[in-house]
Amino acid sequence: MHPLLQQLGVADPAPGLICGERRGGSGALLESFDPATGKLLGRVQQATRAEYDEVVGRTEAAFAKWRAVPAPQRGEIVRQIGDELRRSKEPLGRLVTAECGKLLTEGLGEVQEMIDIADFAVGLSRQLYGLTMHSERPSHRMYEQWHPLGVVGIITAFNFPAAVWSWNAMLAAVCGDTMVWKPSPKTPLTAVAVQQIASRVLAKHGHPDAMSLLIGELADVGEPLLDDRRVPLVSATGSTAMGRIVGERVARRFGRTLLELGGNNAIVVLDDADLDLALRAIAFGAVGTAGQRCTTTRRVYLQKGIAAPLTARLVKAYATFKVGDPQAPGTLVGPLIDRAAVAGYERALAQIRAQGGEVLCGAKVLSGPGYESGCFVAPTLVRARHDLPQLQHEVFAPITYLIEVADVDEAIRCNNAVPQGLSSAIFTLNLRHAERFLSAAGSDCGIANVNIGTSGAEIGGAFGGEKETGGGREAGSDSWKAYMRRQTCTINFGATLPLAQGVQFEVGS
Ligand code: NAD
């Protein structure tokens, strides 16, 4: 058994079903591989369709009890989950790295993000505020209050195998919801390790079934969530193609969705930018997590005065990037998640070449010692025209387009000229240009930064994007409202029954 799994108390095979003391799964075995080495990390015994029904039933039953716990007490339980995550940060961070291939510093950072959102949720548990309004009727009081929704279905992507669950779970828990987690089949062991930590804390407090985990075939545990009226909210993170299916299916039963989908993010660099800052931000945004972040920088718009020198500096910098073992110090680029992702990278490059894009560096699958898994690719820079058709698509790999633009107006037009709307950034020292980018006529994305790259968001802000990114918001600010239902209450403490808008309706007694 892998030592990390042993350290985290994950059995072999790991349970694909965790709901309180109920552990198991009687479906087929799912194998999970380390994309850096190609070696088997562990196996999961998946859940069946019947087990899906059982778990959703138990989680629904747990809701009645969980919602009755005062929110600050729910916050205290979340605080203890955060503490357990602190204690397990090192092995859990290493497991994230082993299973999804991100650098060790990013794996540890992902667990830190879980701890941060737990802390945020603890404070939030005392701040689920509603407004009060002045009634137009005498001796009346109006206010709104927020109630929990019920069972939340959480579908997560492989590239943040732990943090995305926590963004949803920590908030949903203090809001009084119970939840069922369906993680990516590419990173199931991380999910088992995380769920076990949360379940231990919940069991100690008498709420074992409040958070549950289901790993199984899509037809058994993913798609049933979409049609299940016991699940009022489905929060789904992943590709736009997946989100389109989830959005349509859940809407058909008037369920709610929170969609966090694909990005196609741009950095604009103007002539007056601090180029040292821009260079670092582009490099981290483009090749961090091997280009497998929803916020990865895919397009870079360079104003013509700095286009040639910054391009030359980027090409030089790319030549120094160490691609390899994500656990090793000094590595900047780890593997792609699997060979299918490598095939996607190759297909995209063929398209780019056919459409007239000029490859400046990279553009190859790496082989030889250290690259035996077949999942390593060279970070790639492409010089392109703004109308290259391939620019419209998110390819989950380190391919970055450099595109020359005349001025800030053209840069904003180009930034917005894709179907996705997640993250965007401008590098400029000119206040007018910066504010123009942030204005209503500027970037159309959910995230717009100045002199900071597109990736690496903090949990305190609401995270999410517009257009085909799905419109959802998670994590900070008032994102918690997505996990609750709003109720408007009017109380008449007078002796008459006046009607709003002065309507008269006299009933003889
Ligand atoms: P994916 O769409 O292949 O899978 C995501 C999840 O959806 C997985 O758990 C998968 O099993 C599930 N799924 C797929 N089809 C489903 C269906 N019909 N019904 C129910 N569940 C279904 O995505 P991926 O390859 O794991 O992740 C990469 C994608 O996720 C990229 O597009 C990336 O931009 C996006 N992403 C977005 C955000 C964000 O916050 N906007 C964050 C992380 C990743």
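Counting starts at 1 for both ligands and their atoms, following the listed order. When reading the values below, keep in mind they use all heavy atoms of this one structure, side chains included, and skip hydrogens, waters and symmetry mates.
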Chemist: Within a distance under 4.0 Å of any heavy atom of G263, pick out the atoms of ligand 1 and give their elements.
Modeler: 34 (O)

Chemist: Heavy atoms only: which of T156, V234, N159 lies closest to atom 9 (O) of ligand 1?
Modeler: T156

Chemist: Counting both backbone and side chain atoms, is some N or O of K182 under 3.5 Å from an N or O of ligand 1?
Modeler: yes

Chemist: Considering residues, nucleotides and ligands other than K364, do more than 12 of their heavy atoms fall under 6.0 Å from its NZ?
Modeler: no

Chemist: Hey, does I155 come in under 3.5 Å of ligand 1, counting only N/O atoms on both sides?
Modeler: no

Chemist: Check each of W480, F120, F463 against W167 using the ring pair (Phe, Tyr, Trp, His ring centres under 6.0 Å) test, and report the only one that passes.
Modeler: F463

Chemist: Salt-bridged, K182 to E223, with N to O below 4.0 Å?
Modeler: no

Chemist: With a sphere of 6.0 Å drawn around CZ of R280, does it hold more than 12 non-hydrogen atoms of other residues, nucleotides or ligands?
Modeler: no

Chemist: Which ligand 1 atoms does P185 reach within 4.0 Å, using its non-hydrogen atoms?
Modeler: 11 (O)

Chemist: Check each heavy atom of E474 against ligand 1 and say whether those closer than 4.0 Å belong to the side chain, the backbone, both or neither.
Modeler: neither

Chemist: List every atom of ligand 1 that sits less than 4.0 Å from any heavy atom of L226, numbering the atoms from 1 in the order shown and giving each element.
Modeler: 19 (N)

Chemist: Can you tell me the protein heavy atom closest to atom 28 (C) of ligand 1 and the distance?
Modeler: F396 CE2, 3.5 Å

Chemist: Any non-hydrogen protein atom below 4.0 Å of atom 21 (N) of ligand 1?
Modeler: yes

Chemist: Give me the residue, atom name and distance of the protein heavy atom closest to atom 27 (O) of ligand 1.
Modeler: A157 CB, 3.3 Å

Chemist: Does the Lys NZ or Arg CZ of K102 fall within the cation-pi geometry relative to F160 - under 6.0 Å from the ring centre and within 45° of the axis?
Modeler: yes

Chemist: Once you restrict to heavy atoms under 4.0 Å, what part of M242 touches ligand 1? Side chain, backbone, both or neither.
Modeler: side chain

Chemist: Which residue and non-hydrogen atom of the protein lie closest to atom 41 (N) of ligand 1, and at what distance in Å?
Modeler: L261 O, 2.8 Å

Chemist: Using a 3.5 Å cut-off on N or O atoms only, is T469 in polar contact with ligand 1?
Modeler: no

Chemist: Where do A290 and P398 come nearest, in terms of heavy atoms and distance?
Modeler: O-CD, 3.1 Å

Chemist: Looking at atom 5 (C) of ligand 1, what's its closest protein heavy atom, distance included?
Modeler: T237 O, 3.5 Å

Chemist: Of the listed options (C294, P188, A163), which comes nearest to atom 39 (C) of ligand 1 when hydrogens are ignored and any heavy atom counts?
Modeler: C294

Chemist: Should the proximity of T240 to ligand 1, defined as any heavy atom under 4.0 Å, be assigned to the side chain, the backbone, both, or neither?
Modeler: neither

Chemist: Considering only heavy atoms, which of A475, S239, G464, G446 lies nearest to atom 1 (P) of ligand 1?
Modeler: S239

Chemist: T400 vs V300, test: side-chain contact (heavy atoms from CB on, under 4.5 Å). Steps then yes/no.
Modeler: CA-CA 7 Å; T400 312; V300 180; 3.7 Å; yes

Chemist: Taking T156 for its side chain and V164 for its backbone only, find out whether a donor-acceptor pair lies under 3.5 Å.
Modeler: no

Chemist: Can you say whether the rings of F376 and Y371 are parallel (under 30°), tilted (30 to 60°) or perpendicular (over 60°)?
Modeler: tilted

Chemist: Would one find an N or O of F158, backbone or side chain, under 3.5 Å from an N or O of ligand 1?
Modeler: yes

Chemist: To the nearest 0.5 Å, tell me how far N168 CG sits from W181 CH2.
Modeler: 10.5 Å

Chemist: Is the shortest side-chain heavy-atom distance between L213 and C19 below 4.5 Å?
Modeler: no

Chemist: List the closest protein heavy-atom neighbour of atom 35 (C) of ligand 1: residue, atom name, distance to the nearest 0.1 Å.
Modeler: G238 O, 3.2 Å

Chemist: Give the atoms of ligand 1, by number and element, whose distance to some non-hydrogen atom of P183 is under 4.0 Å.
Modeler: 9 (O)

Chemist: Output yes when a side-chain donor or acceptor of S479 lies under 3.5 Å from a complementary backbone atom of G476, and no otherwise.
Modeler: yes

Chemist: Around atom CZ of R385, are there more than 12 heavy atoms from other residues, nucleotides or ligands closer than 6.0 Å?
Modeler: no

Chemist: Short list, please: which atoms of ligand 1 are under 4.0 Å from a heavy atom of E223?
Modeler: 18 (N), 19 (N)

Chemist: Tell me, which protein residue and heavy-atom name are nearest atom 40 (O) of ligand 1, and how many Å apart are they?
Modeler: F463 CE2, 3.1 Å

Chemist: Only pairs at least two apart or in different chains count here, so list each salt bridge (Lys or Arg N to Asp or Glu O under 4.0 Å) that has a residue in residues 225-247.
Modeler: D53-R230, D227-R249, D228-R230, R244-E468

Chemist: Among all protein non-hydrogen atoms, which one is nearest to atom 34 (O) of ligand 1, and what is the separation to 0.1 Å?
Modeler: E394 OE2, 2.6 Å

